[in-house]
Amino acid sequence: NYLIQIEDIGRKYIIGAEEIHALKSVSLNIRKGEFVALMGPSGSGKSTLMNILGCLDTPSKGQYILNGINVSDMSENDLAEVRNKEIGFVFQTFNLLPKSTALENVALPLIYAGFNKKVREERAHKALENVGLGNRVDHKPNELSGGQRQRVAVARALINNPSIILADEPTGNLDTKTSIEIMGLMEDIHAKGNTIILVTHEEDIAQHAHRIVRMRDGLIEDDYPNPDIKSVL
Ligand code: ADP
Ligand code: ADP
């Protein structure tokens, strides 16, 4: 019984007369509550796979079932709806609205979900407290440190209780100490039962995950439990 079921998916890009097989054949099953690090050299297909996992793109072949929903060949509109409900994104560059406060940034997904202002503000406040930023709700991104910005982004990713958190190099713009803090936060989130898929180039960062998936040339070349973590799964 899997949250994510990917069966022999491929994704090709056609540029002029050339076909680029970014994903050749990828099969991957992920259970609710797993913490997976996705690794591999540049060009191996990580971003392409993350885009499909996050319902930003669909495969050229094969099947993707997310939380029981077959999203393999959905329309853009249906895909956007699934994405808003099921996926929380965390990016390397934080992707916060620069003119909005921390509270407004975190509350944003709740506007699309149709909650009224009072509920949005209460929930966003709580979410910021949960990431240790209860005293920074009215700060704008440029009034926050990199680590604090990423905490805001994590709070925003979690606000709709998504079924998966997709984090693409979340520590890529942070110094070592702050990276360790953010990974500590990811571990806390995982411990609360959330499912996390994290792309990273750094072995130290991947060590926080419970399962390591390595890609190469559009294929999964390795997939194993992190031997350094006593998995509770
Ligand atoms: P990474 O995910 O490793 O940080 P990127 O996803 O930015 O790196 O790019 C990985 C590779 O994919 C690069 O070789 C880049 O040139 C290529 N790439 C990314 N987007 C496109 C695109 N829209 N068109 C062509 N090539 C692309
Ligand atoms: P990674 O994230 O591991 O760096 P990508 O998924 O970005 O790998 O890229 C896999 C392959 O697909 C690369 O050869 C890249 O150049 C190509 N690619 C990625 N995105 C595009 C795109 N939008 N158009 C054309 N080629 C792309």
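For ligands, and for the atoms within them, numbers begin at 1 and follow the listed sequence. Along the sequence shown, residues are numbered consecutively beginning with 1. All values derive from a computational prediction rather than experimental measurement.
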Do [X] and [Y] get their side chains close enough for a donor-acceptor pair, meaning under 3.5 Å?
X: Glu121; Y: His125; result: no
X: Ser75; Y: Asn77; result: no
X: Glu86; Y: Ser163; result: yes
X: Glu34; Y: His210; result: no

Salt-bridge criterion met for Glu122 and Lys118 (N-O under 4.0 Å) =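 Answer for the salt bridge query: yes.
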request  = Assess Pro41 for proximity to ligand 2: is some non-hydrogen atom of it under 4.0 Å away?
outcome  =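 A heavy atom of Pro41 does come that close to ligand 2.
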ask   = Is there a heavy atom of Ser44 sitting under 4.0 angstrom from any atom of ligand 2?
value =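 It does; at least one heavy atom falls under 4.0 Å.
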inquiry  = Using side chain to side chain contact (heavy atoms under 4.5 Å, CB included), reason through Lys61 and Ser25 one step at a time and then give a plain yes or no.
reply    = CA-CA 9 Å; Lys61 69 154 187 177; Ser25 170; 4.2 Å; yes
ask   = Which of the atoms of ligand 2 are close to Ser42, meaning less than 4.0 Å from one of its heavy atoms?
value =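 Close to Ser42: 4 (O).
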request  = List every atom of ligand 2 that sits less than 4.0 Å from any heavy atom of Ile15, numbering the atoms from 1 in the order shown and giving each element.
outcome  =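 With Ile15 as reference, the close atoms of ligand 2 come out as 25 (C).
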query = Just heavy atoms, cut-off under 4.0 Å: does Val199 contact ligand 2 by side chain, backbone, both, or neither?
reply =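 None of Val199 does.
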ask   = Can you find an N/O atom of Gly43 closer than 3.5 Å to an N/O atom of ligand 2?
value =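 N/O-N/O distance under 3.5 Å: yes.
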key: Distance-only N or O hit between ligand 2 and Ile20, under 3.5 Å   =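 In this structure, Ile20 places no N or O atom under 3.5 Å from an N or O of ligand 2.
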